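The structure appears right after this line, and notes come after that.
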Amino acid sequence: MMLSKENQFALLQPRGRLDAGSSVKLQEQIEAIVPDACTLWLIDLAQVDFIDSSGLVALIAALNRARQHRCYLAVCNLRPAVKLIFEITRLDQVFEIFDSQTAALNTICPSATATLSAIPQRIAA
């Protein structure tokens with residue numbers, strides 16, 4: 001997983017399975033986000049091929065943390081299997097879901113789109 005920050009934008013990119021083991025890492029990354037510095041949190045699930053209840057709990061906790069700090073959280077790039085889990089659990093009605101990072105940024109924060117490919121800081125977990 002990677003955490004990237006650019007001004008008021010945080011991008012998290014979990015990889016592989018989002019289960020009991022890796023969801024702890026995601027929660028740690030969420031805790032590392034400084035809410036005053038990053039008001040938009042985008043979780044890109046393009047590289048996640050499996051998600052279980054632990055992963056969903058981590059995402060819900062992230063959403064709750066973002067809301068507590070008056071930040072905006074969205075997810076994007078859901079693979080079909082992950083998207084199905086969101087639909088079955090009806091979390092597709094709770095999370096703002098976008099097809100791509102660009103679509104999310106164009107909708108939420110158009111000024112951040114130009115900096116998406118040039119994010120200077122990457123912290124590997």
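Here, residue 1 is the first one in the sequence, and each next residue gets the next number. Source: prediction; values computed, not measured.
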statement: On a heavy-atom basis, the closest approach of N77 and Q101 is ND2-N, 4.0 Å
- request: Give the minimum heavy-atom separation between L18 and L45, together with the two atoms involved.
  value: CD2-CD2, 4.4 Å
Out of curiosity, [X] [atom1] to [Y] [atom2], how far, rounded to the nearest 0.5 Å?
{"X": "I30", "Y": "K25", "atom1": "CD1", "atom2": "NZ", "value": "15.0 Å"}
{"X": "S22", "Y": "R15", "atom1": "OG", "atom2": "CZ", "value": "12.5 Å"}
{"X": "L73", "Y": "L42", "atom1": "CG", "atom2": "CG", "value": "8.0 Å"}

query: Partners of Y72 by ring-ring contact (aromatic ring centres under 6.0 Å, His included), sequence neighbours excluded?
result: none
- request: I would like to know whether I33 and W41 meet side-chain contact (heavy atoms from CB on, under 4.5 Å); could you show each step before the answer?
  value: CA-CA 9 Å; I33 296 173; W41 305 357; 3.4 Å; yes
- prompt: Taking the hydrophobic residues Ile, Leu, Val, Met, Phe, Trp and Tyr, and joining any pair whose side-chain heavy atoms are under 4.5 Å apart, which ones share a cluster with I88?
  reply: L84
message: I'd like to know whether C76 forms a side-chain contact (heavy atoms from CB on, under 4.5 Å) with I97, so could you lay out the CA-CA distance, the side-chain angles of the two residues, the decisive distance to 0.1 Å, and finally the verdict.
response: CA-CA 5 Å; C76 66; I97 300 173; over 6 Å; no
- request: Given side-chain contact (heavy atoms from CB on, under 4.5 Å), test I108 with L105 step by step and report yes or no.
  value: CA-CA 5 Å; I108 302 163; L105 294 175; 5.8 Å; no
message: So F98 and D44, do their side chains get closer than 4.5 Å, heavy atoms only?
response: no
field: Note, P14 side chain near I43 side chain (heavy atom, < 4.5 Å)
entry: yes
- request: Quick one: do C71 and L40 satisfy side-chain contact (heavy atoms from CB on, under 4.5 Å)? Show the steps, please.
  value: CA-CA 6 Å; C71 297; L40 168 61; over 6 Å; no
query: Are side-chain N/O atoms of R90 and Q93 paired as donor and acceptor at under 3.5 Å?
result: yes
Can you list, pair by pair, the side-chain donor-acceptor contacts under 3.5 Å of residues 46-64, counting residues two or more places apart and other chains?
residue: D52; atom: OD1; partner: S54; partner atom: N; Å: 2.9
residue: D52; atom: OD1; partner: G55; partner atom: N; Å: 3.2
residue: N64; atom: ND2; partner: I60; partner atom: O; Å: 3.4

